[in-house]
Enquirer: 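Pasting a structure below so you can have a look.
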Amino acid sequence: MVTSALALAQPDYDRKAELRAFDETKAGVKGLVDAGITEVPRIFHLPSPENLNTQQPELTLPTIGLQGIDEDPIRRKDVIEKMKDALESWGFFQLVNHGIPINILEDMKKGVMDFHEQDSEVKKQWYTRDSTSRVLYYSNFDLCTSSVTNWRDTFYCTMAPNPPQPHELPPPCREILLEYSRHVMKLGICLFGLISEAIGLDPNHLVDIGCADGHGRSF
């Protein structure tokens, strides 16, 4: 939602106070929706329409499929070349056919949805801004420092190198989060090997220097 700078500068608008009040509810934007609000609170308004760029160019992101890379040396070489080009030209790429089963992805999405659909009083036990916690639930990590507040809530887990104990994870996504993270870690190690080769290094280089030691998931 866009509003004018003048509206946000009204004498009765204390943004810091409203941000603090919102955060203290520990209910996030889902709590606002559940409360039946009829207007978007001012903390979520964009400062001015000048910040909106409606003339975005159409871009085609590099997409790389990993199927067959372990059985076909020619296919693996082709993937590495595509990855090298994507890293040099874009700095990132989209993965397809990455090997994580569809049922795992769907169950993970359902688990996350089930977490966010819990009663606010239940979710409050995980609401924190303590970055040392291995399980966090919050709305906007930069809530008190950003000039714009995003309409989103986030559930975050540190899964490596010191993952939470199963009982520390929310029940709606406990089992699937552990299973999904195992697949993501395996895929990550594979990617680090491919990237190492793409930039002319030993396949194990990035893993050997610790790039695969940490693993966190945001939902």
Side-chain angles (χ1 to χ4, degrees), residues 51-113 115-116 131-132 134-136 138 140-142 145-146 148 150-164 169 173-219:
N51 289 342
L52 297 177
N53 182 359
T54 59
Q55 302 299 320
Q56 295 287 349
E58 290 190 11
L59 300 175
T60 302
L61 302 179
T63 300
I64 299 175
L66 299 185
Q67 72 278 12
I69 61 171
D70 293 327
E71 296 81 23
D72 186 344
I74 297 178
R75 170 64 183 158
R76 182 183 183 87
K77 183 178 179 181
D78 179 58
V79 166
I80 290 173
E81 286 299 316
K82 289 181 179 179
M83 197 168 289
K84 179 176 183 293
D85 180 66
L87 291 171
E88 291 177 345
S89 304
W90 290 78
F92 58 88
F93 49 85
Q94 178 182 1
L95 278 180
V96 295
N97 301 315
H98 42 62
I100 300 181
I102 294 295
N103 67 298
I104 296 294
L105 297 175
E106 292 300 319
D107 287 349
M108 187 68 253
K109 287 194 292 185
K110 182 180 184 302
V112 171
M113 291 178 64
F115 169 82
H116 285 289
S131 59
T132 64
R134 291 181 292 185
V135 181
L136 299 91
Y138 53 85
N140 288 262
F141 75 94
D142 56 353
T145 58
S146 176
V148 176
N150 292 298
W151 186 262
R152 70 164 179 239
D153 296 329
T154 299
F155 167 51
Y156 175 84
C157 291
T158 297
M159 302 305 296
N162 300 306
L169 296 170
C173 54
R174 179 177 296 159
E175 293 184 9
I176 186 58
L177 182 56
L178 294 170
E179 178 68 13
Y180 175 71
S181 293
R182 285 191 285 268
H183 283 279
V184 170
M185 181 64 79
K186 180 180 177 181
L187 175 60
I189 291 173
C190 171
L191 277 177
F192 282 129
L194 294 171
I195 292 173
S196 293
E197 291 187 64
I199 57 180
L201 300 172
D202 181 87
N204 297 319
H205 181 80
L206 292 178
V207 172
D208 289 344
I209 64 174
C211 289
D213 291 350
H215 168 42
R217 304 304 306 162
S218 291
F219 306 97

Enquirer: Where do Asp85 and Lys82 land on the salt bridge (Lys or Arg N to Asp or Glu O under 4.0 Å) test, with the steps shown first?
Expert: CA-CA 5 Å; Asp85 180 66; Lys82 289 181 179 179; over 6 Å; no
Enquirer: Does Met113 have more than 12 heavy atoms from other residues, nucleotides or ligands lying within 6.0 Å of its CE?
Expert: no
Enquirer: Taking all non-hydrogen atoms of both residues into account, name the closest pair between Ser181 and Met159 and its distance.
Expert: OG-CG, 3.4 Å
Enquirer: Please round to the nearest 0.5 Å and tell me the distance separating atom OG1 of Thr158 and atom CG of Leu136.
Expert: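 Spacing of OG1 (Thr158) from CG (Leu136) equals 7.0 Å.
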Enquirer: Please determine whether side chain to side chain contact (heavy atoms under 4.5 Å, CB included) holds for the pair Ile209 and Phe192, giving the CA-CA distance in whole Å, both sets of side-chain angles, and the decisive distance to 0.1 Å.
Expert: CA-CA 11 Å; Ile209 64 174; Phe192 282 129; over 6 Å; no
Enquirer: Should the pair Asp107-Lys110 be classified as a salt bridge under the 4.0 Å nitrogen-to-oxygen rule?
Expert: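 No.
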Enquirer: Mark yes when over 12 heavy atoms from residues, nucleotides or ligands other than Glu175 sit less than 6.0 Å from its CD; otherwise mark no.
Expert: no
Enquirer: Table please: side-chain donor-acceptor pairs of residues 210-219 below 3.5 Å, with sequence neighbours left out.
Expert:
none

Enquirer: In the structure I gave you, are the side-chain heavy atoms of Leu59 and Trp90 within less than 4.5 Å of one another anywhere?
Expert: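 A side-chain contact exists here, since the closest heavy-atom pair is under 4.5 Å.
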Enquirer: For the CG atom of Asp78 and the CE atom of Met83, what is their distance to the nearest 0.5 Å?
Expert: 10.5 Å
Enquirer: Tell me, which pairs form a side chain to side chain donor-acceptor pair (under 3.5 Å) where one or both residues lie in residues 195-210, sequence neighbours left out?
Expert: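 Of all non-adjacent pairs touching residues 195-210, those that pass side chain to side chain donor-acceptor pair (under 3.5 Å) are Arg76-Glu197.
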Enquirer: Excluding sequence neighbours, so at least two apart, what forms side-chain hydrogen bond (donor to acceptor under 3.5 Å, both in side chains) with Glu81?
Expert: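 Glu81 satisfies side-chain hydrogen bond (donor to acceptor under 3.5 Å, both in side chains) with no residue once adjacent residues are dropped.
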Enquirer: Parallel, tilted or perpendicular: which one describes the rings of His116 and Phe155, with boundaries at 30° and 60°?
Expert: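 If you compare the ring of His116 with that of Phe155, the planes turn out perpendicular.
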Enquirer: Assess whether atom CZ of Phe141 is packed by more than 12 heavy atoms of other residues, nucleotides or ligands within 6.0 Å.
Expert: no
Enquirer: Counting only heavy atoms from other residues, nucleotides and ligands, does the tally under 6.0 Å from CG of Leu61 exceed 12?
Expert: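 Count over threshold, so yes.
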